Amino acid sequence: MLRVVDNAAASDVGRVRKANEDSFYVRVPLFVVADGMGGARAGEVASDLAVTAFKAPLDESVAPEQRMATAVLSANSAIHEKSLSSPEFEGMGTTITALLLGDQELTIAHVGDSRAYRLRDGELTRLTDDHSLVGEMVRRGAITEAEAEVHPQRSILTRALGPDGEVEVDTLSHAVRPGDVYLICSDGLTGMVDEATIAAAMGSGSKMQEVADQLIRRANENGGVDNITVVAFRVDGEGGALPDAESPGDAGDATIVAPAVELDSPTSGSAKAAPPDAEAVRPPVPQTAAAAAASGLDEAARAEHSRSEFERRRVATGKSRRLVGSIIVAGVLLLAIGGMIVASFNVYFIGGNDKGLVTVYRGLPYDLPLGVSLYTRDYVTATPVVELPEDLREHILDHKLRSRADALDLAQQIDAGKINVDSVGIDGAGPSGTTGN
Ligand code: MN
């Protein structure tokens, strides 16, 4: 019998956003992360509705994949209905990535660009596909993973809960092995922290809370441009029954207090998870679902943890002050250079903005380091990217350089709902031949 021996969740607003639109929910052996988007506070509402759909008991009469898909579909309906109820919620959406551990199997239901990872024998495996424009381009071979990471359109989703009354849900199941470590995160982590760092943290042998907190700290050190959420758990086969899904308990709150992880130690070599100390694992204590969701870990451990984190953060602040200074100088220089370059451009391209709306940009579709873009926004349509005809979406958003007249003409046709193959100007080069870099 496999069971969750340690688990944790952490979420942080990051260093740029004003509100945290991510949500998570844990009721061992169920783990859910949602990353909401939409104007004002609508993203928060969407992601909260998404995880709320998992708070009701899952339908045990059907197979796990169907059980999970049903919860996701009910989340989609709830969000879509709410989005129609008031202009403030119009167009809101969210990702969802939900994991359910069974006796031998892990079942995943997934929509969007949050991710699930598994670390096994030191090897990190991404278990989900990103339903994003760049994710699709990577899978088609049009761009590389490295190009996707800095692509200006990297936050544009091609699938989300909410915008449509129907949604396609990815469901899949994997065999689980003792020692596996699983992690679910929003793109605020993966946009800031590379996978080698994620693998090193998951394999550090630390308590899951330290793993989650360390990864969030790293994302913030690297810019923290988005909300960051990390849910992590370790599975093992040590005695004791798997906590019953109907009487959730937190099996993870009594594991060994692991040695503190050095702030600057990605230690990519020793990525194998340390076997848990069987004596230190307390039998699962039944809790109410609400208590399990609200705490997720022992209060004393939490207090102890935040003390040590505070000390470490102070050390980091002293060390990083000079670095921050030189980054600011370099950033101002790059901004000035970038601004001059953009001002000299007379080319335009079409992409999506951070609200997911089709947008005409002036300049070139590239970002310089430190967040300097070689493009400025020229015209924002009222049309969400997800509403473009699927077969034309990539041709419209392919970053082909156009004249302003052509780009605006296309934008107006999009808003008028009159978009077709002729207006996009597909030149018969085939689906992968039109991407210009
Ligand atoms: Mn996000």
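Please read all numbers here as calculations on a predicted model, not as lab measurements.
- Legend: residues meeting ring-ring contact (aromatic ring centres under 6.0 Å, His included) with Tyr361, ordered by chain and number and at least two apart, are Phe349, Tyr375.
- The shortest side-chain heavy-atom distance between Glu149 and Val134 does not fall under the 4.5 Å cut-off.
- Evaluation of the side-chain hydrogen bond (donor to acceptor under 3.5 Å, both in side chains) test over residues 70-81, restricted to residues two or more places apart or in two chains, returns none.
- Across Met68 and Ala98, no two heavy atoms sit closer than the pair CE-O, 3.3 Å.
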Query - From CA spacing to verdict: side chain to side chain contact (heavy atoms under 4.5 Å, CB included), Phe54, Ile96 - result: CA-CA 11 Å; Phe54 281 87; Ile96 187 122; 3.7 Å; yes

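- Atom CG of residue Leu172 and atom CD1 of residue Ile108 lie 4.5 Å apart, to the nearest 0.5 angstrom.
- From Arg139, atom CZ reaches atom CG of Asp129 across 4.0 Å, with rounding to the nearest 0.5 Å.
- Considering only residues two or more places apart in sequence or on other chains, Asp170 meets the side-chain hydrogen bond (donor to acceptor under 3.5 Å, both in side chains) condition with His131, Arg159.
- Within the structure, salt bridge (charged side-chain N to carboxylate O under 4.0 Å, His left out) contacts touching residues 176-196 (residues at least two apart or in different chains) are Arg115-Glu195, Arg120-Asp180, Asp121-Arg177, Arg126-Glu195.
- Under the side-chain contact (heavy atoms from CB on, under 4.5 Å) criterion, Asp164 pairs with no residue at all, not counting sequence neighbours.
- Counting heavy atoms from C-beta outward, His151 and His399 have side chains that approach closer than 4.5 Å.
- For the pair Pro178/Leu2, a side-chain contact is recorded, criterion being any heavy-atom separation below 4.5 Å from C-beta on.
- Annotation: salt bridge (charged side-chain N to carboxylate O under 4.0 Å, His left out) contacts involving residues 86-99, sequence neighbours excluded, are absent.
- Here the side chains of Leu30 and Tyr25 are in contact, with some heavy-atom distance below 4.5 Å.
- Counting only heavy atoms from C-beta outward, the side chains of Ile198 and Thr190 approach each other to under 4.5 Å.
- The closest side-chain donor-acceptor pair between Asp22 and Thr229 falls under 3.5 angstrom.
- Taking the ring-ring contact (aromatic ring centres under 6.0 Å, His included) definition, one finds that His174 meets it with nothing, sequence neighbours left out.
- For the atom pair CD (Glu145) and CG (Asp130), the distance works out to 7.5 Å, reported to the nearest 0.5 Å.
- Taking Ala10 as the reference, Gln209, Ala212, Asp213, Ile216 meet the side-chain contact (heavy atoms from CB on, under 4.5 Å) condition, with sequence neighbours excluded.
- Proximity of Met192 to Ile228: side-chain heavy atoms (C-beta onward) are nowhere separated by under 4.5 Å.
- The shortest heavy-atom contact between Gly351 and Gln153 is CA-OE1, 3.5 Å.
- In this structure, Tyr182 and Leu101 have side chains that are not in contact, with every pair of non-hydrogen atoms separated by 4.5 Å or more.
- Taking every heavy atom of both residues into account, Leu99 and Ala116 meet most closely at CD1-CB, 3.9 Å.
- The line from OH of Tyr117 to OG1 of Thr97 is 11.0 Å long, rounded to the nearest 0.5 Å.
- In this structure, the side chains of Leu84 and Phe89 stay at 4.5 Å or more apart for every pair of heavy atoms.
- Across every non-hydrogen atom of Arg234 and Ser206, the tightest pair is NH2-O, 3.2 Å.
- When all heavy atoms of Ser186 and Ser114 are compared, the pair lying nearest together is CA-OG, 3.9 Å.
- Evaluation of the side-chain hydrogen bond (donor to acceptor under 3.5 Å, both in side chains) rule for Thr359 yields no partner, not counting sequence neighbours.
- Between Asn220 atom CG and Leu215 atom CG the span is 11.5 Å, to the nearest 0.5 Å.
- Heavy atoms only, all atoms of each residue included: Ala201 and Val211 are closest at O-CG2, 3.2 Å.
- Formation of a donor-acceptor pair under 3.5 Å by the His110 side chain with backbone atoms of Gly112 is found in this model.
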Query raised in the report: Passes side chain to side chain contact (heavy atoms under 4.5 Å, CB included), Leu106 versus Leu127? Steps please.
Result: CA-CA 11 Å; Leu106 182 80; Leu127 302 176; 4.3 Å; yes

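- By the side-chain contact (heavy atoms from CB on, under 4.5 Å) test, Ser61 pairs with Asp59, sequence neighbours left out.
- The backbone N or O of Glu65 lies less than 3.5 Å from no partner atom in the side chain of Thr107, so there is not a single donor-acceptor pair.
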Can you give me every donor-acceptor pair (side chain of residues 33-46, partner residue at least two apart or in another chain, under 3.5 Å) with its distance?
| from | atom 1 | to | atom 2 | distance (Å) |
| --- | --- | --- | --- | --- |
| Arg41 | NE | Glu44 | OE1 | 3.4 |

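- We find the CG-CG distance between Asn227 and Leu189 to be 12.5 Å, quoted to the nearest 0.5 Å.
- Applying the side-chain contact (heavy atoms from CB on, under 4.5 Å) criterion to Ile396, with sequence neighbours excluded, gives Ile350, Leu388, Leu392, Ile414, Ile419, Val424.
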